[in-house]
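Written below as C-alpha coordinates is the structure these notes are about.
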There are 2 protein chains.
Amino acid sequence: MDAVDQLIAHLKESIPVTSEEAIGLRKHCSVVELRRRDVLLFAGETSKHMRFISKGCLRAYYMDSEAKEHIVQFGIEGWWINDLYSYLSQTPAKQFIQALEPSIVVQIQIEHLNQLFHEIPSLERFFRLKFEKAYVAFQERTMDAMSKTAEQRYLEFRSKYRNIEQRVPQYMVASYLGITPEFLSSLRKNIP
Amino acid sequence: MDAVDQLIAHLKESIPVTSEEAIGLRKHCSVVELRRRDVLLFAGETSKHMRFISKGCLRAYYMDSEAKEHIVQFGIEGWWINDLYSYLSQTPAKQFIQALEPSIVVQIQIEHLNQLFHEIPSLERFFRLKFEKAYVAFQERTMDAMSKTAEQRYLEFRSKYRNIEQRVPQYMVASYLGITPEFLSSLRKNIP
DNA sequence: CCTCTTTCTTAAGATACCTTAAGATTCATC
DNA sequence: GATGAATCTTAAGGTATCTTAAGAAAGAGG
(Lines give C-alpha, C1' and ligand atoms only; values in the text may rest on other atoms or scores of the structure.)
Protein backbone atom coordinates (compact mmCIF):
# COMPACT_ATOMS: atom_id res chain seq x y z
CA MET A 1 0.00 0.00 0.00
CA ASP A 2 1.63 3.23 -1.11
CA ALA A 3 1.27 6.65 0.48
CA VAL A 4 -1.71 7.71 -1.63
CA ASP A 5 -3.50 4.43 -0.95
CA GLN A 6 -3.14 5.21 2.70
CA LEU A 7 -4.68 8.63 2.21
CA ILE A 8 -7.57 7.08 0.34
CA ALA A 9 -8.08 4.46 3.02
CA HIS A 10 -8.07 7.28 5.55
CA LEU A 11 -10.77 9.16 3.64
CA LYS A 12 -12.85 6.00 3.41
CA GLU A 13 -13.05 5.89 7.19
CA SER A 14 -15.24 9.00 7.07
CA ILE A 15 -16.74 9.28 3.58
CA PRO A 16 -17.46 6.95 0.66
CA VAL A 17 -14.89 7.08 -2.15
CA THR A 18 -15.59 5.26 -5.44
CA SER A 19 -12.72 3.80 -7.40
CA GLU A 20 -13.19 6.43 -10.13
CA GLU A 21 -12.97 9.14 -7.52
CA ALA A 22 -9.86 7.51 -6.14
CA ILE A 23 -8.28 7.64 -9.57
CA GLY A 24 -9.18 11.32 -9.89
CA LEU A 25 -7.74 11.99 -6.49
CA ARG A 26 -4.53 10.19 -7.17
CA LYS A 27 -3.79 12.47 -10.13
CA HIS A 28 -3.66 15.48 -7.86
CA CYS A 29 -1.54 14.04 -5.09
CA SER A 30 2.19 14.45 -4.85
CA VAL A 31 4.30 12.47 -2.45
CA VAL A 32 7.21 14.03 -0.57
CA GLU A 33 9.91 12.13 1.26
CA LEU A 34 11.55 13.93 4.12
CA ARG A 35 14.68 13.25 6.10
CA ARG A 36 14.82 13.91 9.82
CA ARG A 37 14.91 17.68 10.32
CA ASP A 38 13.81 18.58 6.80
CA VAL A 39 11.48 21.57 6.79
CA LEU A 40 8.34 21.22 4.71
CA LEU A 41 7.00 24.72 5.23
CA PHE A 42 8.91 27.81 6.36
CA ALA A 43 7.37 30.70 8.22
CA GLY A 44 6.94 33.51 5.72
CA GLU A 45 6.00 31.17 2.86
CA THR A 46 2.35 30.72 2.00
CA SER A 47 1.04 27.22 2.57
CA LYS A 48 -0.11 25.94 -0.82
CA HIS A 49 -0.98 22.37 0.12
CA MET A 50 -3.05 20.21 2.39
CA ARG A 51 -0.68 17.68 3.88
CA PHE A 52 -1.40 14.12 4.97
CA ILE A 53 1.21 12.17 6.88
CA SER A 54 1.61 8.72 5.44
CA LYS A 55 4.62 7.80 7.51
CA GLY A 56 6.80 9.41 10.14
CA CYS A 57 6.36 12.25 12.58
CA LEU A 58 6.34 16.02 12.14
CA ARG A 59 5.82 19.14 14.20
CA ALA A 60 4.35 22.57 13.50
CA TYR A 61 5.96 25.31 15.56
CA TYR A 62 6.50 29.03 15.60
CA MET A 63 9.26 31.24 16.94
CA ASP A 64 8.40 34.02 19.33
CA SER A 65 10.01 37.44 19.47
CA GLU A 66 12.75 36.06 21.69
CA ALA A 67 13.54 33.29 19.19
CA LYS A 68 12.04 30.64 21.43
CA GLU A 69 10.23 27.82 19.68
CA HIS A 70 6.67 26.90 20.60
CA ILE A 71 5.17 23.71 19.27
CA VAL A 72 1.64 24.15 18.00
CA GLN A 73 0.97 20.62 16.83
CA PHE A 74 2.54 17.21 16.38
CA GLY A 75 1.51 14.87 13.61
CA ILE A 76 2.06 11.18 12.90
CA GLU A 77 0.82 8.60 10.37
CA GLY A 78 -2.81 9.20 9.48
CA TRP A 79 -2.88 12.83 10.64
CA TRP A 80 -2.99 16.06 8.70
CA ILE A 81 -0.52 18.81 9.40
CA ASN A 82 -0.48 22.37 8.19
CA ASP A 83 -0.44 26.02 9.12
CA LEU A 84 -4.16 25.96 8.55
CA TYR A 85 -4.61 29.68 8.75
CA SER A 86 -1.96 30.32 6.14
CA TYR A 87 -3.53 27.70 3.89
CA LEU A 88 -7.09 28.93 4.28
CA SER A 89 -6.36 32.61 3.99
CA GLN A 90 -3.39 32.23 1.61
CA THR A 91 -1.28 34.55 3.67
CA PRO A 92 2.31 34.01 4.87
CA ALA A 93 2.67 31.26 7.45
CA LYS A 94 3.74 31.99 10.99
CA GLN A 95 4.63 28.40 11.59
CA PHE A 96 7.33 26.05 10.43
CA ILE A 97 6.53 22.44 9.62
CA GLN A 98 9.41 20.09 10.16
CA ALA A 99 10.01 16.34 10.06
CA LEU A 100 11.15 14.84 13.35
CA GLU A 101 11.74 11.45 11.74
CA PRO A 102 12.22 10.30 8.16
CA SER A 103 8.70 10.85 6.86
CA ILE A 104 6.45 10.52 3.85
CA VAL A 105 3.80 13.17 3.24
CA VAL A 106 1.06 13.32 0.62
CA GLN A 107 0.35 16.83 -0.58
CA ILE A 108 -2.62 18.19 -2.49
CA GLN A 109 -2.31 21.65 -3.99
CA ILE A 110 -4.95 24.10 -2.93
CA GLU A 111 -6.18 24.69 -6.51
CA HIS A 112 -6.43 20.98 -7.10
CA LEU A 113 -8.23 20.40 -3.85
CA ASN A 114 -10.74 23.12 -4.57
CA GLN A 115 -11.34 21.50 -7.95
CA LEU A 116 -11.69 18.08 -6.32
CA PHE A 117 -14.40 19.49 -4.09
CA HIS A 118 -16.57 19.70 -7.20
CA GLU A 119 -15.75 16.20 -8.38
CA ILE A 120 -16.10 14.58 -4.93
CA PRO A 121 -18.63 16.59 -2.96
CA SER A 122 -18.27 14.57 0.21
CA LEU A 123 -14.60 15.58 0.29
CA GLU A 124 -15.61 19.10 1.15
CA ARG A 125 -17.62 17.76 4.06
CA PHE A 126 -14.61 15.73 5.14
CA PHE A 127 -12.48 18.84 5.41
CA ARG A 128 -15.17 20.92 7.02
CA LEU A 129 -15.38 18.33 9.78
CA LYS A 130 -11.59 18.23 10.11
CA PHE A 131 -11.56 21.96 10.46
CA GLU A 132 -14.25 21.97 13.10
CA LYS A 133 -12.27 19.46 15.09
CA ALA A 134 -9.11 21.51 14.78
CA TYR A 135 -11.04 24.52 16.00
CA VAL A 136 -12.44 22.83 19.06
CA ALA A 137 -9.08 21.27 19.83
CA PHE A 138 -7.56 24.73 19.98
CA GLN A 139 -10.37 26.04 22.07
CA GLU A 140 -9.88 23.24 24.57
CA ARG A 141 -6.17 23.76 24.59
CA THR A 142 -6.58 27.48 25.23
CA MET A 143 -8.86 26.84 28.14
CA ASP A 144 -6.58 24.14 29.49
CA ALA A 145 -3.54 26.36 29.18
CA MET A 146 -5.28 28.98 31.26
CA SER A 147 -6.94 26.89 33.90
CA LYS A 148 -4.96 23.71 34.44
CA THR A 149 -1.60 23.06 36.03
CA ALA A 150 1.31 21.81 33.97
CA GLU A 151 1.01 18.45 35.65
CA GLN A 152 -2.64 18.08 34.67
CA ARG A 153 -1.84 19.09 31.11
CA TYR A 154 1.03 16.64 30.97
CA LEU A 155 -1.06 13.76 32.28
CA GLU A 156 -3.77 14.51 29.76
CA PHE A 157 -1.25 14.75 26.97
CA ARG A 158 0.20 11.45 28.02
CA SER A 159 -3.08 9.61 28.07
CA LYS A 160 -4.25 11.16 24.82
CA TYR A 161 -0.99 10.84 22.92
CA ARG A 162 1.02 8.02 24.51
CA ASN A 163 2.27 7.10 21.05
CA ILE A 164 3.56 10.58 20.36
CA GLU A 165 5.19 10.97 23.74
CA GLN A 166 7.23 7.90 23.00
CA ARG A 167 8.69 9.12 19.76
CA VAL A 168 9.45 12.81 20.23
CA PRO A 169 12.11 14.28 22.50
CA GLN A 170 10.89 15.22 25.92
CA TYR A 171 11.86 18.85 25.52
CA MET A 172 9.46 19.08 22.60
CA VAL A 173 6.64 17.75 24.73
CA ALA A 174 7.58 20.50 27.20
CA SER A 175 7.41 23.06 24.41
CA TYR A 176 3.98 21.75 23.38
CA LEU A 177 2.80 22.01 26.98
CA GLY A 178 4.24 25.49 27.42
CA ILE A 179 6.73 24.63 30.15
CA THR A 180 10.50 24.28 30.42
CA PRO A 181 12.16 20.91 29.86
CA GLU A 182 13.62 21.07 33.36
CA PHE A 183 10.23 21.49 34.91
CA LEU A 184 8.76 18.64 32.88
CA SER A 185 11.64 16.47 34.00
CA SER A 186 10.90 17.24 37.61
CA LEU A 187 7.17 16.67 37.13
CA ARG A 188 7.90 13.24 35.71
CA LYS A 189 10.03 12.35 38.67
CA ASN A 190 7.05 12.82 40.96
CA ILE A 191 4.62 10.76 38.91
CA PRO A 192 4.33 6.96 39.01
CA MET B 1 -31.89 51.96 12.16
CA ASP B 2 -33.22 48.78 13.71
CA ALA B 3 -31.24 45.73 14.79
CA VAL B 4 -31.54 43.92 11.46
CA ASP B 5 -30.52 47.03 9.54
CA GLN B 6 -27.41 47.07 11.64
CA LEU B 7 -26.70 43.45 10.74
CA ILE B 8 -27.14 44.24 7.07
CA ALA B 9 -24.89 47.28 7.30
CA HIS B 10 -22.35 45.04 8.99
CA LEU B 11 -22.50 42.51 6.16
CA LYS B 12 -22.10 45.29 3.60
CA GLU B 13 -18.74 46.14 5.09
CA SER B 14 -17.44 42.82 3.73
CA ILE B 15 -19.73 41.67 0.94
CA PRO B 16 -22.23 43.27 -1.45
CA VAL B 17 -25.89 42.89 -0.43
CA THR B 18 -28.65 43.91 -2.85
CA SER B 19 -31.89 45.28 -1.50
CA GLU B 20 -33.75 42.11 -2.58
CA GLU B 21 -31.23 40.04 -0.70
CA ALA B 22 -31.68 42.27 2.29
CA ILE B 23 -35.41 41.63 2.19
CA GLY B 24 -34.81 37.87 2.00
CA LEU B 25 -32.43 38.06 4.90
CA ARG B 26 -34.76 40.07 7.05
CA LYS B 27 -37.39 37.32 6.82
CA HIS B 28 -35.10 34.88 8.55
CA CYS B 29 -33.86 37.09 11.35
CA SER B 30 -35.36 37.17 14.80
CA VAL B 31 -34.51 39.85 17.32
CA VAL B 32 -34.03 39.04 21.00
CA GLU B 33 -33.94 41.57 23.79
CA LEU B 34 -31.99 40.60 26.86
CA ARG B 35 -31.80 42.02 30.32
CA ARG B 36 -28.56 42.15 32.23
CA ARG B 37 -27.70 38.57 33.26
CA ASP B 38 -30.13 36.87 30.92
CA VAL B 39 -28.66 33.69 29.47
CA LEU B 40 -29.07 33.25 25.72
CA LEU B 41 -27.54 29.79 25.48
CA PHE B 42 -27.06 27.24 28.26
CA ALA B 43 -24.35 24.61 28.30
CA GLY B 44 -26.01 21.33 27.37
CA GLU B 45 -28.34 22.93 24.83
CA THR B 46 -27.42 22.77 21.17
CA SER B 47 -26.75 26.14 19.59
CA LYS B 48 -29.35 26.56 16.85
CA HIS B 49 -28.55 30.12 15.79
CA MET B 50 -25.87 32.43 14.55
CA ARG B 51 -25.98 35.48 16.76
CA PHE B 52 -25.14 39.07 15.92
CA ILE B 53 -24.93 41.65 18.67
CA SER B 54 -26.80 44.76 17.69
CA LYS B 55 -26.53 46.43 21.07
CA GLY B 56 -25.05 45.63 24.46
CA CYS B 57 -22.36 43.33 25.70
CA LEU B 58 -22.26 39.57 26.25
CA ARG B 59 -19.85 36.89 27.30
CA ALA B 60 -19.33 33.24 26.39
CA TYR B 61 -17.94 31.18 29.25
CA TYR B 62 -17.70 27.65 30.48
CA MET B 63 -17.53 26.09 33.91
CA ASP B 64 -14.69 23.76 34.75
CA SER B 65 -14.90 20.66 36.90
CA GLU B 66 -14.41 22.78 40.01
CA ALA B 67 -17.31 25.05 39.05
CA LYS B 68 -14.99 27.91 38.20
CA GLU B 69 -16.02 30.07 35.29
CA HIS B 70 -13.67 30.73 32.39
CA ILE B 71 -14.53 33.39 29.87
CA VAL B 72 -13.92 32.29 26.31
CA GLN B 73 -15.08 35.41 24.52
CA PHE B 74 -16.62 38.81 25.02
CA GLY B 75 -18.85 40.42 22.43
CA ILE B 76 -20.19 43.93 21.87
CA GLU B 77 -22.15 45.77 19.15
CA GLY B 78 -21.14 44.58 15.71
CA TRP B 79 -19.64 41.27 16.88
CA TRP B 80 -20.89 37.74 16.56
CA ILE B 81 -21.09 35.51 19.56
CA ASN B 82 -21.74 31.79 19.79
CA ASP B 83 -20.50 28.44 20.95
CA LEU B 84 -19.25 27.93 17.43
CA TYR B 85 -18.41 24.31 17.88
CA SER B 86 -21.86 23.47 19.14
CA TYR B 87 -23.40 25.39 16.28
CA LEU B 88 -21.25 23.84 13.57
CA SER B 89 -21.39 20.29 14.81
CA GLN B 90 -24.91 20.53 16.25
CA THR B 91 -23.81 18.94 19.51
CA PRO B 92 -24.49 20.13 23.06
CA ALA B 93 -22.74 23.37 23.96
CA LYS B 94 -20.09 23.49 26.62
CA GLN B 95 -20.42 27.21 26.95
CA PHE B 96 -22.99 29.60 28.32
CA ILE B 97 -23.76 32.84 26.56
CA GLN B 98 -24.94 35.58 28.85
CA ALA B 99 -25.76 39.26 28.59
CA LEU B 100 -23.60 41.52 30.75
CA GLU B 101 -25.72 44.56 29.88
CA PRO B 102 -29.21 45.01 28.50
CA SER B 103 -28.62 43.80 24.95
CA ILE B 104 -30.24 43.25 21.57
CA VAL B 105 -29.20 40.25 19.52
CA VAL B 106 -30.20 39.26 16.00
CA GLN B 107 -30.48 35.52 15.55
CA ILE B 108 -30.57 33.46 12.35
CA GLN B 109 -31.59 29.83 12.66
CA ILE B 110 -29.13 27.35 11.29
CA GLU B 111 -31.61 25.92 8.77
CA HIS B 112 -32.47 29.38 7.54
CA LEU B 113 -28.85 30.38 7.30
CA ASN B 114 -27.96 27.30 5.31
CA GLN B 115 -30.82 28.12 2.98
CA LEU B 116 -29.67 31.74 2.72
CA PHE B 117 -26.26 30.50 1.61
CA HIS B 118 -27.94 29.40 -1.61
CA GLU B 119 -29.78 32.66 -2.10
CA ILE B 120 -26.81 34.87 -1.20
CA PRO B 121 -23.64 33.01 -2.17
CA SER B 122 -21.29 35.66 -0.84
CA LEU B 123 -22.81 35.12 2.59
CA GLU B 124 -21.14 31.76 2.80
CA ARG B 125 -17.84 33.40 2.07
CA PHE B 126 -18.56 35.96 4.77
CA PHE B 127 -18.95 33.25 7.38
CA ARG B 128 -16.02 31.21 6.14
CA LEU B 129 -13.82 34.26 6.66
CA LYS B 130 -15.31 34.87 10.10
CA PHE B 131 -14.58 31.32 11.03
CA GLU B 132 -11.00 31.52 9.84
CA LYS B 133 -10.51 34.60 11.95
CA ALA B 134 -11.99 32.90 14.98
CA TYR B 135 -9.66 29.98 14.44
CA VAL B 136 -6.53 32.08 14.22
CA ALA B 137 -7.62 34.16 17.18
CA PHE B 138 -7.78 31.01 19.27
CA GLN B 139 -4.46 29.84 17.99
CA GLU B 140 -2.85 33.12 18.96
CA ARG B 141 -4.51 33.07 22.32
CA THR B 142 -3.29 29.54 22.99
CA MET B 143 0.25 30.48 22.16
CA ASP B 144 0.01 33.67 24.20
CA ALA B 145 -1.40 31.82 27.18
CA MET B 146 1.56 29.48 27.11
CA SER B 147 4.38 31.87 26.39
CA LYS B 148 3.52 35.31 27.73
CA THR B 149 3.25 36.67 31.23
CA ALA B 150 -0.08 37.77 32.61
CA GLU B 151 1.10 41.37 32.43
CA GLN B 152 1.90 41.10 28.74
CA ARG B 153 -1.45 39.48 28.06
CA TYR B 154 -3.24 42.15 30.02
CA LEU B 155 -1.48 44.99 28.22
CA GLU B 156 -2.31 43.42 24.88
CA PHE B 157 -5.91 42.92 25.90
CA ARG B 158 -6.07 46.51 26.98
CA SER B 159 -4.73 47.92 23.77
CA LYS B 160 -6.82 45.61 21.61
CA TYR B 161 -10.07 45.91 23.56
CA ARG B 162 -9.97 49.22 25.43
CA ASN B 163 -13.70 49.56 24.84
CA ILE B 164 -14.47 46.18 26.37
CA GLU B 165 -12.23 46.69 29.36
CA GLN B 166 -14.22 49.77 30.22
CA ARG B 167 -17.57 48.06 30.27
CA VAL B 168 -17.06 44.68 31.89
CA PRO B 169 -16.12 44.02 35.53
CA GLN B 170 -12.44 43.64 36.13
CA TYR B 171 -12.79 40.14 37.53
CA MET B 172 -14.20 39.05 34.19
CA VAL B 173 -11.19 40.45 32.40
CA ALA B 174 -9.12 38.40 34.83
CA SER B 175 -11.16 35.32 33.97
CA TYR B 176 -10.62 35.99 30.26
CA LEU B 177 -6.88 36.33 30.85
CA GLY B 178 -6.75 33.21 32.99
CA ILE B 179 -5.62 34.89 36.22
CA THR B 180 -7.21 35.71 39.56
CA PRO B 181 -8.91 39.07 40.11
CA GLU B 182 -6.52 39.77 42.99
CA PHE B 183 -3.52 39.32 40.78
CA LEU B 184 -4.96 41.49 38.04
CA SER B 185 -5.62 44.16 40.62
CA SER B 186 -2.02 44.06 41.74
CA LEU B 187 -0.75 44.11 38.15
CA ARG B 188 -2.78 47.23 37.49
CA LYS B 189 -1.31 48.97 40.49
CA ASN B 190 2.16 48.65 39.00
CA ILE B 191 1.23 49.93 35.54
CA PRO B 192 0.95 53.62 34.58
C1' DC C 1 -31.06 59.24 48.14
C1' DC C 2 -30.45 54.64 50.78
C1' DT C 3 -29.28 50.19 51.19
C1' DC C 4 -27.68 45.94 49.72
C1' DT C 5 -25.02 43.69 46.50
C1' DT C 6 -21.32 43.55 43.56
C1' DT C 7 -16.76 44.60 42.64
C1' DC C 8 -12.05 46.02 43.81
C1' DT C 9 -7.96 46.38 46.72
C1' DT C 10 -4.44 45.03 50.08
C1' DA C 11 -1.45 41.99 52.25
C1' DA C 12 0.72 37.75 53.95
C1' DG C 13 1.98 33.30 53.23
C1' DA C 14 1.98 29.39 49.91
C1' DT C 15 2.84 27.07 45.44
C1' DA C 16 3.95 26.62 40.61
C1' DC C 17 7.07 27.40 37.48
C1' DC C 18 11.49 29.52 35.73
C1' DT C 19 16.63 30.36 35.26
C1' DT C 20 21.12 28.90 35.40
C1' DA C 21 24.61 25.68 35.48
C1' DA C 22 26.57 21.38 35.57
C1' DG C 23 26.91 16.66 35.06
C1' DA C 24 24.82 12.24 33.25
C1' DT C 25 22.80 9.70 29.68
C1' DT C 26 21.39 8.47 25.22
C1' DC C 27 21.68 8.82 20.30
C1' DA C 28 23.57 9.40 15.62
C1' DT C 29 27.21 8.85 12.68
C1' DC C 30 31.60 7.59 11.34
C1' DG D 1 32.67 0.48 18.88
C1' DA D 2 34.19 5.52 19.46
C1' DT D 3 33.13 10.19 19.46
C1' DG D 4 30.64 14.24 19.43
C1' DA D 5 26.04 15.99 19.55
C1' DA D 6 21.58 15.86 21.44
C1' DT D 7 18.81 15.09 25.27
C1' DC D 8 17.69 14.46 30.13
C1' DT D 9 18.34 15.16 35.08
C1' DT D 10 19.43 17.52 39.40
C1' DA D 11 19.61 21.26 42.37
C1' DA D 12 19.62 26.01 44.16
C1' DG D 13 17.72 30.30 44.17
C1' DG D 14 14.37 33.46 41.99
C1' DT D 15 9.87 35.24 40.10
C1' DA D 16 5.04 34.85 38.90
C1' DT D 17 0.89 33.74 40.37
C1' DC D 18 -2.47 31.78 43.76
C1' DT D 19 -5.10 31.44 48.23
C1' DT D 20 -7.29 33.37 51.93
C1' DA D 21 -9.30 36.91 54.42
C1' DA D 22 -10.83 41.30 55.30
C1' DG D 23 -12.11 45.80 54.47
C1' DA D 24 -13.10 49.67 51.02
C1' DA D 25 -15.39 51.42 47.04
C1' DA D 26 -18.68 51.48 43.55
C1' DG D 27 -22.97 50.38 41.51
C1' DA D 28 -27.93 48.79 41.12
C1' DG D 29 -32.52 48.95 42.30
C1' DG D 30 -35.89 50.35 45.12
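Everything numeric in this text was worked out from a predicted model, so none of it was measured. Naming convention: chains lettered A, B, ... in sequence-line order (proteins, then strands); numbering from 1 in each chain.
- Among the atoms of the strands shown, base atoms are found under 4.0 Å from some heavy atom of A:Phe183.
- With no hydrogens or angles considered, no side-chain donor-acceptor pair links B:Arg59 and B:Tyr176 at under 3.5 Å.
- Contact check, A:Gln170 against D:dA6: no side-chain N or O comes under 4.0 Å of OP1 or OP2.
- What separates CD1 of B:Ile191 from P of C:dC8 is a distance of 15 Å, to the nearest Å.
- Going from atom CG of B:Leu100 over to atom C1' of C:dT7 covers 14 Å, rounded to whole Å.
- The phosphate of D:dT19 (OP1 or OP2) has a side-chain N or O of B:Lys68 nearer than 4.0 angstrom.
- With DNA chain D read from its 5' end, the first of the two nearest nucleotides for B:Arg36 and B:Thr149 is the one closest to B:Thr149.
- Whole-Å rounding puts the B:Gln166 CD to D:dA26 P distance at 16 Å.
- Salt-bridge check for B:Arg35 with B:Asp38: passed, with a basic side-chain N closer than 4.0 Å to an acidic carboxylate O.
- A sub-4.0 Å separation between OP1 or OP2 of D:dA16 and a side-chain N or O of B:Lys148 is absent.
- Rounded to whole angstrom, the span from the CZ atom of B:Arg37 across to the C1' atom of C:dT7 amounts to 11 Å.
- One side chain, A:His10 or A:Trp80, offers a donor N or O that lies under 3.5 Å from an acceptor on the other.
- Between B:Phe117 and B:His112, the ring centre distance reaches or exceeds 6.0 Å.
- Considering only the side chain of A:Glu182, C:dA21 comes nearest among C:dA21, C:dC8, D:dT19.
- Look at A:Thr180 and you'll find a side-chain N or O under 4.0 angstrom from OP1 or OP2 of C:dC18.
- When rounded to the nearest whole Å, the span between CD of A:Glu151 and C1' of D:dC18 equals 17 Å.
- A:Ser54 and A:Gln6 form a side-chain donor-acceptor contact under 3.5 Å, judged by distance and modelled atom types alone.
- At the heavy-atom level, A:Ser186 lies nowhere under 4.0 Å from the strands shown.
- Rounded to whole angstrom, the span from the CG atom of B:Leu184 across to the P atom of C:dT7 amounts to 14 Å.
- Distance B:Ile179 CD1 to C:dC17 P: 15 Å, rounded to the nearest Å.
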